[in-house]
Amino acid sequence: MQRRPEVVLWGAGMVAGVQAAACQALEWRVAAVGSRTDARAIELAGSIHAKSATFEQLLSRRLGDLAIVATPPAAHVDAAVALLDAGYHVVVEAPMACTLAGADRLIEAETRVGRPVLYSEHLAAAPVIDGLLARVDAIGALTHLSARATQAPPSWRPEDGVDAHWGGGALFDLGVHPVGLTLRTAAESGAGRPVSLSAVIVDAGTRHEHGTIKIHFESGLLATVVARWQPDSTPDWDLQASSASAVLRAELYPSPTLEHNGTPVSIGAPIRAVSPSLVDDYGYAPQLKRFWTNIRTGRPVPATSRLGRQVLDVICAAHWSAGRDAIEVPLPFTGPRDLTPAQLFEM
């Protein structure tokens with residue numbers, strides 16, 4: 001039987017709480033919780049019978065096997081590099097970094113220590129997306145690919161305005177997920193790499209921000225990604241891929257479903273009685289289990305920091321395009337690597 005890892009959480013906010021629940025679902029012990037705020041670390045640690053710790057304590061002595069970085073994006077790279085150097089296997093939440101230079105730095109550290117970093121695109125491990133990815137190559141060359149994410153802006157956002165040093169708005173905070181799913185689906189379908197894009201951002205910097213990206217792939221496929229803040233709305237997320245003969249559609253919100261040519265596809269019984277479950281149906285527990293299995297068996301980790309950088313590359317190029325009347329921008333992005341998407345949009 002595979003040994004269960006012990007986990008430390010770097011951060012004690014909402015996402016750290018979800019990751020803690022995923023660990024509990026897998027019967028993994030969370031050994032310690034660290035946070036910039038002692039009170040938050042103590043609160044989350046107490047709720048899961050873990051030890052609260054300072055960041056310095058987590059780095060001075062390795063307290064677990066896996067470290068999950070669940071802080072705001074601007075702090076991801078420094079934390080991940082420090083944890084790699086301290087001997088942990090590292091999971092980094094999306095967005096992985098705020099600049100491409102930061103993403104480059106994390107990849108350099110990953111290569112230097114020889115341990116893969118898991119880029120936490122948890123939705124790619126959601127059963128409905130897993131089912132779509134397993135089937136997409138069999139339907140033939142794609143003629144359509146689209147991903148959409150609409151939801152209310154998070155409570156931590158200001159009423160209006162974006163801190164340009166933070167990263168960006170809807171296409172950064174929310175758009176990383178549909179962009180990541182689009183890239184994974186295109187790769188699984190054989191569409192090749194993304195070669196260029198154009199983008200439009202409407203109501204930039206507000207709680208109604210709406211971004212659209214058109215991505216061209218080597219095969220000639222044109223994919224569309226939409227990310228939108230819509231106050232007081234129910235989350236509405238989906239992914240659709242179609243060829244000349246078949247259509248696959250995965251709905252994530254409001255209820256996870258997978259259809260093939262309009263017919264529901266069975267994706268198995270729920271792991272737990274409560275459904276839909278954020279931990280299971282949206283991929284948090286499955287991605288952690290796969291990552292640990294890959295580590296223990298030596299298999300490649302498909303969603304490393306290189307995928308995180310590719311997603312950020314698209315996001316940066318999209319902001320550059322949107323700030324210049326939707327010009328076509330080649331990929332990989334060749335613009336400034338030390339600026340956030342919001343800064344690229346504004347300059």
Side-chain angles (χ1 to χ4, degrees), residues 5 7-11 15 19 34 36 55-56 58-122 124 164-168 172-173 176 179-180 183-184 187 193-194 287-288 290-292 294-296 298-320 329-344:
V7 180
V8 302
L9 297 176
W10 187 281
V15 174
Q19 292 284 15
R36 293 174 300 173
F55 287 155
E56 291 76 16
L58 294 181
L59 295 174
S60 63
R61 183 169 65 90
R62 190 162 68 87
L63 300 178
D65 303 291
L66 297 180
I68 301 176
V69 179
T71 57
H76 283 178
V77 173
D78 285 345
V81 171
L83 288 162
L84 282 170
D85 286 336
Y88 293 94
H89 294 282
V90 177
V91 179
V92 182
E93 277 293 332
M96 188 178 80
C98 286
T99 67
L100 287 168
D104 293 340
R105 182 176 159 231
L106 180 50
I107 289 172
E108 289 167 2
E110 179 184 34
T111 303
R112 173 171 52 79
V113 303
R115 288 191 303 279
V117 171
L118 176 65
Y119 170 63
S120 182
E121 183 38 78
H122 58 93
H165 295 284
W166 174 273
F172 178 73
D173 295 320
V176 289
V179 167
L183 294 176
R184 285 291 302 274
R193 66 179 185 87
Q287 75 159 359
L288 290 177
R290 290 176 189 178
F291 182 46
W292 184 242
N294 289 348
I295 290 169
R296 300 291 291 173
R299 297 173 189 164
V301 175
T304 67
S305 55
R306 294 182 185 276
L307 174 62
R309 181 171 64 181
Q310 186 184 33
V311 171
L312 185 60
D313 187 73
V314 168
I315 299 295
C316 287
H319 281 76
W320 184 265
V329 178
L331 295 172
F333 181 56
T334 58
R337 301 187 75 78
D338 59 344
L339 299 180
T340 68
Q343 291 170 328
L344 291 167

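Inter-residue side-chain proximity for Val329 and Phe333 is flagged as met; some heavy-atom pair is nearer than 4.5 Å. Looking only at side-chain heavy atoms (C-beta outward), Val90 and Val69 come within less than 4.5 Å of each other. Contact check for Asp65 versus Val7: no side-chain heavy atoms found under the 4.5 Å cut-off. Contact annotation: the side chain of Leu59 approaches that of Leu83 to within less than 4.5 Å [non-hydrogen atoms, C-beta and beyond]. Within the 4.5 Å cutoff, the side chain of Asn294 has heavy atoms near those of the Pro302 side chain. Asp313 is listed as a side-chain neighbour of Leu331, based on a closest heavy-atom distance under 4.5 Å. The side-chain heavy atoms of Arg193 and Pro332, taken from C-beta on, include a pair separated by under 4.5 Å. Residues Pro116 and Arg306 fail the side-chain proximity criterion, which asks for heavy atoms closer than 4.5 Å.
Interatomic distance, CD of Glu108 versus OG of Ser305, reported as 10.5 Å (0.5 Å rounding). Atom CG of residue Leu344 and atom NE2 of residue His319 lie 8.5 Å apart, to the nearest 0.5 angstrom. Between the CD1 atom of Ile315 and the CZ atom of Phe172 there is a distance of 8.5 Å, given to the nearest 0.5 Å. Expressed to the nearest 0.5 Å, how far CG of Asp338 lies from CG of Asp104 amounts to 11.0 Å. Of the inter-residue distances, the one linking Ile107 atom CD1 with Leu100 atom CG reads 9.5 Å to the nearest 0.5 angstrom. The CZ atom of Arg309 sits 9.0 Å away from atom OG1 of Thr304, with the distance rounded to the nearest 0.5 Å.
Ring pair Trp10/Phe55 is parallel by interplanar angle, where below 30° counts as parallel and above 60° as perpendicular.
Minimum heavy-atom separation, Val8 to Gly64: CG1-N, 4.1 Å. Pairing each heavy atom of Trp292 with each of His89, the nearest pair is CZ3-CD2, 4.3 Å. Taking every heavy atom of both residues into account, Val77 and Ala97 meet most closely at CG2-CB, 3.6 Å. The shortest non-hydrogen separation linking Pro341 to Cys98 is CD-O, 3.3 Å. Scanning all heavy atoms of the two residues, the minimum distance from Ala303 to Arg184 falls at CB-NH1, 4.4 Å. When all heavy atoms are compared, the tightest approach of Arg115 to Tyr88 is NE-O, 3.0 Å.
Around atom CZ of Arg337, more than 12 heavy atoms belonging to other residues, nucleotides or ligands sit under 6.0 Å away.
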query: Would Met96 and Ser120 satisfy side-chain contact (heavy atoms from CB on, under 4.5 Å), going step by step from the backbone distance to the final call?
result: CA-CA 8 Å; Met96 188 178 80; Ser120 182; over 6 Å; no

- prompt: Can you list the steps and then say if Thr340 with Gln343 is a side-chain contact (heavy atoms from CB on, under 4.5 Å)?
  reply: CA-CA 5 Å; Thr340 68; Gln343 291 170 328; 3.3 Å; yes

Step-by-step side-chain contact (heavy atoms from CB on, under 4.5 Å) determination, Val92 to Leu118: CA-CA 6 Å; Val92 182; Leu118 176 65; over 6 Å; no

task: Report the C-alpha distance between Phe291 and Ile295 in whole Å, list the side-chain angles of each, state the deciding distance to 0.1 Å, and finish with yes or no for side-chain contact (heavy atoms from CB on, under 4.5 Å).
output: CA-CA 6 Å; Phe291 182 46; Ile295 290 169; 3.6 Å; yes

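Residues meeting the side-chain contact (heavy atoms from CB on, under 4.5 Å) test with Arg290, sequence neighbours left out: Ala125, Asp130.
For residues 76-95, the salt bridge (Lys or Arg N to Asp or Glu O under 4.0 Å) pairs, not counting sequence neighbours, are Asp78-Arg105, Asp85-Arg112.
Between the side chain of His76 and the backbone N or O of Pro95, at least one donor-acceptor pair lies under 3.5 Å.
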